[in-house]
Amino acid sequence: MQKKACKQPCDTNSLRKLGHSFFQRSSVELGLDLIGKILVRRVRGREYRARIVETEAYVGPHDSASHASRGRTRRTEVMFGPAGHAYVYLIYGMYEMFNIVAGEEGDAQAVLIRAAEPLNGWKADLSGPGKLARGFAITRSDNGLDLTTNALFLLDDPDYRPRIARSKRVGVDYAKEWKDALLRFFDANSAAVSKPRNFSERADTPRPGAY
DNA sequence: GCGTCGATGGCA
DNA sequence: GCCATCGACGCG
């Protein structure tokens, strides 16, 4: 299950850009399927690419770990909007968090992008959501951005086969019955996954409706 | 290598 | 008052 065709530096020029329909699924499905996809940033005349290796699903207003559980506010507004847009917020006064809105309009589902492996010779530490957003120069000014445009978008990489594992989400111990839900997904082959690196043996796709 | 703690600002 | 975090520091 090693990556065969695409060791670094990766020739990603023929890869297909992901469109809106890719994001219009539950955050669990999207979070799983985003592992191995390539995030592309164009800023200040340069292009940066990295392979996503870790995500977390926030499944809707009933998920007490999700900002959407507090209802529709100025901050959470874009989570309630259409899929495929960026939800970016500030945490601990200094870290921007990059999320992708999932599901149907009004569902308020989202996937937090937690870690990625830089490609094409780009040297960066993207191992953790704060570091990833900083590395990609993603800030709150990108909140609501359509992720099918040129500034920030994703590429499919159908030949890449991650070894997907799952665990509970990080930093949500306050979230009552939701704190232990196995909604963090990552590529167990990747060294760029943030800690903690413990994972459950099973990485089955959850049954539809399990959450 | 691991646990603990402080930074720092927006949010409800 | 509380965070969907990170890095520095102390330990032994």
Side-chain angles (χ1 to χ4, degrees), chain A residues 23 26-35 37 39 50 52-81 83-103 107-118 123-145 147 152 154 164-187 190-200 206 211:
Chain A
F23 303 100
S26 75
S27 56
V28 173
E29 291 174 273
L30 182 63
L32 281 162
D33 207 12
L34 279 170
I35 304 297
K37 301 295 186 280
L39 182 62
I52 294 170
V53 299
E54 180 181 346
T55 64
E56 277 177 3
Y58 290 81
V59 303
H62 58 299
D63 175 0
S64 47
S66 172
H67 295 164
S69 67
R70 305 213 166 227
R72 193 190 281 243
T73 67
R74 174 131 84 255
R75 179 174 64 162
T76 61
E77 184 68 27
V78 311
M79 283 185 96
F80 288 84
H85 290 249
Y87 168 48
V88 186
Y89 65 90
L90 184 73
I91 192 66
Y92 302 117
M94 56 187 107
Y95 299 109
E96 316 271 350
M97 298 284 109
F98 171 51
N99 301 252
I100 299 177
V101 178
D107 287 353
Q109 299 190 48
V111 176
L112 172 64
I113 309 302
R114 289 191 54 89
E117 287 180 1
K123 303 295 185 209
D125 180 2
L126 308 175
S127 178
K131 291 188 279 191
L132 181 141
R134 191 178 348 121
F136 274 97
I138 294 171
T139 70
R140 283 162 291 165
S141 67
D142 297 304
N143 190 38
L145 184 67
L147 297 175
L152 187 60
L154 289 105
I164 294 181
R166 55 193 312 194
S167 76
K168 53 198 270 195
R169 294 172 292 184
V170 177
V172 297
D173 281 349
Y174 60 88
K176 307 176 180 182
E177 72 272 20
W178 284 93
K179 72 182 177 64
D180 294 323
L182 299 178
L183 294 176
R184 174 177 176 241
F185 311 113
F186 55 96
D187 184 349
S190 173
V193 172
S194 73
K195 37 183 180 181
R197 304 181 59 87
N198 303 328
F199 58 93
S200 64
Y211 293 99

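Residue numbers start from 1 in every chain, and the chains themselves are labelled A, B, ... in the order their sequence lines are given, proteins ahead of strands.
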Can you check whether [X] has a side-chain N or O nearer than 4.0 Å to OP1 or OP2 of [N]?
{"X": "Thr73(A)", "N": "dC11(B)", "answer": "no"}
{"X": "Lys131(A)", "N": "dG7(C)", "answer": "yes"}
{"X": "Tyr174(A)", "N": "dA4(C)", "answer": "yes"}
{"X": "Arg114(A)", "N": "dT5(C)", "answer": "yes"}
{"X": "His67(A)", "N": "dA4(C)", "answer": "yes"}

Which is true for Arg74(A) with a 4.0 Å heavy-atom rule: it touches a base, it touches only sugar-phosphate, or it touches nothing?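 Arg74(A): no heavy atom of the nucleic acid under 4.0 Å.
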Counting any heavy atom closer than 4.0 Å, what does Arg169(A) reach on the DNA or RNA strands: base, sugar-phosphate only, or nothing?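 Nothing, no nucleic acid heavy atom in range.
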When the distance from [atom1] of [X] to [atom2] of [N] is rounded to whole Å, what number comes out?
{"X": "Glu96(A)", "N": "dG10(B)", "atom1": "CD", "atom2": "P", "result": "10 Å"}
{"X": "Arg140(A)", "N": "dC11(B)", "atom1": "CZ", "atom2": "P", "result": "7 Å"}
{"X": "Asn143(A)", "N": "dG10(B)", "atom1": "CG", "atom2": "P", "result": "14 Å"}
{"X": "Ile91(A)", "N": "dC11(B)", "atom1": "CD1", "atom2": "P", "result": "11 Å"}
{"X": "Met79(A)", "N": "dA4(C)", "atom1": "CE", "atom2": "P", "result": "11 Å"}
{"X": "Ile138(A)", "N": "dA4(C)", "atom1": "CD1", "atom2": "P", "result": "19 Å"}
{"X": "Ile113(A)", "N": "dT5(C)", "atom1": "CD1", "atom2": "P", "result": "14 Å"}
{"X": "Lys195(A)", "N": "dT5(C)", "atom1": "NZ", "atom2": "C1'", "result": "12 Å"}

Heavy-atom count check: over 12 atoms from other residues, nucleotides or ligands less than 6.0 Å from Arg72(A) CZ?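 Yes.
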Got a donor-acceptor contact below 3.5 angstrom from the Thr76(A) side chain to the Ala68(A) backbone?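 Not confirmed, Thr76(A) side chain does not pair with Ala68(A) backbone.
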Is a side-chain donor or acceptor of Trp178(A) paired with a backbone partner of Tyr58(A) at a separation under 3.5 angstrom?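 Such a contact is absent between Trp178(A) side chain and Tyr58(A) backbone.
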Which of these nucleotides, [options], is closest to any side-chain atom of [X]?
{"X": "Met94(A)", "options": "dA7(B), dA4(C), dT5(C)", "result": "dA7(B)"}
{"X": "Arg75(A)", "options": "dC3(C), dC11(B), dC6(C)", "result": "dC11(B)"}
{"X": "Tyr89(A)", "options": "dG10(B), dC6(C), dA4(C)", "result": "dA4(C)"}

What are the two closest non-hydrogen atoms of Leu126(A) and Ala50(A), and how far apart are they?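 Minimum heavy-atom separation between Leu126(A) and Ala50(A): CD1-CB, 3.6 Å.
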Can you list the stems that DNA chain B is part of, where a stem is at least 3 pairs in a row, each Watson-Crick or G-U, with both distances below 3.5 Å?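 Paired runs of 3+ in DNA chain B: B:1-7 with C:5-11, B:9-11 with C:1-3.
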Verify the stacking flag for Tyr92(A) against dG9(B): centroid separation must be under 5.5 angstrom and the ring planes must differ by under 30 degrees.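 Taking the rule of under 5.5 Å and under 30°, the ring of Tyr92(A) does not stack on dG9(B).
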Go through the N and O atoms of the side chain of Tyr95(A) and the base of dA4(C), and report whether any donor-acceptor pair is under 3.5 Å.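 Check fails, no donor-acceptor contact within cut-off.
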Between Ala65(A) and Arg134(A), which is nearer to the 5' end of DNA chain C once each is assigned its nearest nucleotide?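 With Arg134(A) and Ala65(A) compared, the 5'-side residue is Ala65(A).
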Partner of Glu54(A) by side-chain hydrogen bond (donor to acceptor under 3.5 Å, both in side chains), out of Ser127(A), Ser167(A), Ser194(A):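 In the set Ser127(A), Ser167(A), Ser194(A), the residue that makes a side-chain hydrogen bond (donor to acceptor under 3.5 Å, both in side chains) with Glu54(A) is Ser194(A).
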Minimum side-chain heavy-atom gap Leu152(A)-Phe98(A) below 4.5 Å: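 Heavy-atom side-chain distance check passes, below 4.5 Å.
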The test is salt bridge (charged side-chain N to carboxylate O under 4.0 Å, His left out); show your working for Lys168(A) and Asp180(A) and say whether it passes. CA-CA 5 Å; Lys168(A) 53 198 270 195; Asp180(A) 294 323; 3.0 Å; yes
Under a 4.0 Å N-O cut-off, is there an ion pair linking Glu96(A) with Arg134(A)?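 No.
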